Undergrad: 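Structure below; questions to follow.
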Amino acid sequence: MRERNWIATPTARNDDYIHKIDNYITISDIPFDLQMFAGEKTEEATEKRKRDAIQEGNVAKSQDLGSVIILLAGFLMLRAYGENMYSRCADFMRYSFSYSMHSSFTFDEALILLNQFITVSLIVCLPFMLVILIAAVFSNVIQVGFLFRFDPMTPNFDRMNPVSNIQNMFSWRLVAELVKSILKILIVAYVPYSTIKEELNEFIGFVKANPLPSFGKVLDVCYAMGIKIILIFLVLAIADWFFQKWRHDEGLKMSKEDIKEEHKQQEGDPHVKQKIRERQRQASARRQMEEVPKATVVVTNPTHIAVAIKYIPGEMNAPLIVAMGAGLIAQKIKEIARENDVPIVENKPLAREMYKKASVGDEIPQELWTAVAEILGQIFREKYRKAA
């Protein structure tokens with residue numbers, strides 16, 4: 001059995017000792033694994049995580065705010081356009097009732113009346129429907145911008161899982177929804193009660209008053225109640241939007257391991273990248289060594305740097321560097337050059353300048369043409385002399 005390190009407080013009893021065993025801390029013999037907090041999501045979401053959430057349609061949005069804006073737009077439209085709607089409907093009803101008074105009501109007249117009914121319905125309903133449509137679009141744009149995704153519409157069979165649904169029944173989200181629903185019920189109940197209580201005496205007097213003015217007064221009171229309720233709902237909806245925004249940001253938070261994994265996916269695993277670079281260097285070195293036997297001359301430092309130059313008169317505009325390196329690579333270039341009878345010329349300043357200013361595959365820099373031309377001229381003269 002492993003040895004336990006006991007740490008006791010002066011007032012603690014023996015059964016309340018706090019002790020530590022490896023990765024566990026036990027208080028009153030109740031184990032707590034410190035590693036359970038290793039994956040805690042405490043870091044803010046990265047820009048990639050936020051973009052991915054938007055692509056999936058996972059955005060902060062309050063359904064209440066959209067509903068309240070649509071309802072407010074409808075009430076304001078009724079206030080501004082209601083009298084016109086009423087007068088048009090009343091005129092058409094009087095017109096249609098006048099037709100019914102005639103005994104000679106033909107089928108053609110019925111078609112004319114139907115056509116007029118459709119026309120009046122469109123004239124009355126279209127402006128109202130257009131305002132509602134604009135309000136619906138506006139309520140979504142102010143929350144999530146111009147975003148249209150099909151991902152939330154795709155079937156998700158996880159939502160049909162009874163176990164997860166039972167767990168969701170006891171979530172904080174449902175508690176918040178319950179609190180909002182109770183507030184709405186209290187508001188809807190209190191505002192009409194307080195308003196009718198203030199206007200009760202006037203309503204009692206409607207019994208002896210003219211019906212039309214009384215009806216107009218009732219409509220005004222109903223409109224005032226509706227606007228009060230909607231404005232209170234608007235305040236609650238704005239608060240709900242901020243709550244949804246906070247909850248959405250909390251849901252996108254990442255653990256440090258998540259950030260490391262995302263960084264690996266974006267930038268690539270450093271070990272893999274190192275291996276790739278190593279293989280690229282090896283492949284480049286092999287290609288260089290394969291070109292050394294085709295070189296015209298190798299210019300050296302003499303021990304630290306070696307530059308292999310290729311030039312074919314009449315086919316190339318300028319001499320080309322086919323291999324270049326320092327240290328062990330320079331030694332390998334010189335070794336291959338000796339094995340293939342490629343001339344090796346020592347020129348320290350020229351070798352250093354080419355190594356500094358050019359790369360493999362580049363033409364010789366223009367300011368070095370004269371020095372390289374002297375070496376190539378010497379090489380070609382030597383070849384001609386041997387051939388003769």
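In what follows, every heavy atom counts, from backbone to side chain, and hydrogens, waters and symmetry copies are set aside. None of the values given here were measured: they were computed from a predicted structure.
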Undergrad: Heavy-atom count around Y81 OH within 6.0 Å, excluding the residue itself: above 12?
TA: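 Enclosed: over 12 neighbouring heavy atoms sit under 6.0 Å from OH of Y81.
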
Undergrad: Heavy atoms only: give me the nearest I375-N347 pair and the separation to one decimal.
TA: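 Of all heavy-atom pairs spanning I375 and N347, the closest is CD1-ND2, 4.0 Å.
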
Undergrad: Side-chain heavy atoms under 4.5 Å apart, restricted to Ile/Leu/Val/Met/Phe/Trp/Tyr: what other residues fall into the cluster of V298, or is it alone?
TA: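 Joined to V298, directly or through intermediates: M289, V292, I329, I333, I336, V342, I344.
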
Undergrad: Using the test side-chain hydrogen bond (donor to acceptor under 3.5 Å, both in side chains), find all partners of K184 that sit at least two apart in sequence or belong to another chain.
TA: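 K184: side-chain hydrogen bond (donor to acceptor under 3.5 Å, both in side chains) contacts with D64.
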
Undergrad: Under a single-linkage rule joining Ile, Leu, Val, Met, Phe, Trp and Tyr whose side-chain heavy atoms are separated by less than 4.5 Å, which residues share a cluster with M129?
TA: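 Answer for M129: none, a lone residue.
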
Undergrad: Listing request: all salt bridge (charged side-chain N to carboxylate O under 4.0 Å, His left out) pairs with a residue in residues 321-339, at least two apart in sequence or in separate chains.
TA: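 Checked against salt bridge (charged side-chain N to carboxylate O under 4.0 Å, His left out) - neighbours excluded - no pair reaches residues 321-339.
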
Undergrad: Charged N to carboxylate O under 4.0 angstrom, D91 versus R94?
TA: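 Here D91 pairs with R94 in a salt bridge, since their nearest N and O are under 4.0 Å apart.
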
Undergrad: Suppose the criterion is side-chain hydrogen bond (donor to acceptor under 3.5 Å, both in side chains): which pairs have a residue in residues 189-198, not counting sequence neighbours?
TA: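 Qualifying pairs: none.
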
Undergrad: Quick one: CE on M316 to CD on E363, what's the gap to the nearest 0.5 Å?
TA: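 Between atom CE of M316 and atom CD of E363 there are 7.0 Å.
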
Undergrad: If you look only at pairs with a residue in residues 131-140, which of them pass as a side-chain hydrogen bond (donor to acceptor under 3.5 Å, both in side chains), with sequence neighbours excluded?
TA: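 Checked against side-chain hydrogen bond (donor to acceptor under 3.5 Å, both in side chains) - neighbours excluded - the pairs reaching residues 131-140 are K61-N140.
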
Undergrad: Using the salt bridge (Lys or Arg N to Asp or Glu O under 4.0 Å) criterion, which residues pair with E367? Sequence neighbours excluded.
TA: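 Partners of E367 under the salt bridge (Lys or Arg N to Asp or Glu O under 4.0 Å) test: K357.
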
Undergrad: With clusters built from Ile, Leu, Val, Met, Phe, Trp and Tyr whose side-chain heavy atoms come within less than 4.5 Å, directly or transitively, what are the remaining members of the cluster of L130, listed by chain and number?
TA: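 ILVMFWY cluster around L130 also holds I134.
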
Undergrad: Could you go through the side chain to side chain contact (heavy atoms under 4.5 Å, CB included) check for V307 and T300 one step at a time?
TA: CA-CA 6 Å; V307 181; T300 64; over 6 Å; no

Undergrad: Just to verify, what does E250 make a salt bridge (Lys or Arg N to Asp or Glu O under 4.0 Å) with, not counting sequence neighbours?
TA: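 For E250 the salt bridge (Lys or Arg N to Asp or Glu O under 4.0 Å) partners, ignoring immediate neighbours, are K253.
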
Undergrad: Applying salt bridge (charged side-chain N to carboxylate O under 4.0 Å, His left out), which residue pairs with at least one partner in residues 235-244 are found, sequence neighbours left out?
TA: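 Found K180-D240.
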
Undergrad: Got more than 12 heavy atoms from elsewhere within 6.0 Å of CG, L328?
TA: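 No, not enclosed.
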
Undergrad: Is I227 close to L72 at the side-chain level, that is, under 4.5 Å between some pair of heavy atoms?
TA: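 They are in side-chain contact.
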
Undergrad: Considering residues at least two apart in sequence or located in another chain, which fulfil the salt bridge (Lys or Arg N to Asp or Glu O under 4.0 Å) criterion with D220?
TA: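 If we apply the salt bridge (Lys or Arg N to Asp or Glu O under 4.0 Å) test to D220, skipping adjacent residues, the hits are R79.
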
Undergrad: Please collect all salt bridge (charged side-chain N to carboxylate O under 4.0 Å, His left out) contacts where either partner lies in residues 295-313, sequence neighbours excluded, each pair once.
TA: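 Found none.
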
Undergrad: Does NE2 belonging to H248 count more than 12 external heavy atoms closer than 6.0 Å?
TA: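 Counting other residues, nucleotides and ligands, NE2 of H248 exceeds 12 neighbours.
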
Undergrad: How close do V360 and M324 get, counting heavy atoms only, and between which atoms?
TA: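 Closest pair (atom of V360, atom of M324, distance): CG2-N, 3.8 Å.
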
Undergrad: Identify the heavy atoms of I230 and V68 that sit nearest to each other, and give their distance.
TA: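 Looking at all heavy atoms of both residues, the shortest contact is O-CG1, 3.7 Å.
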
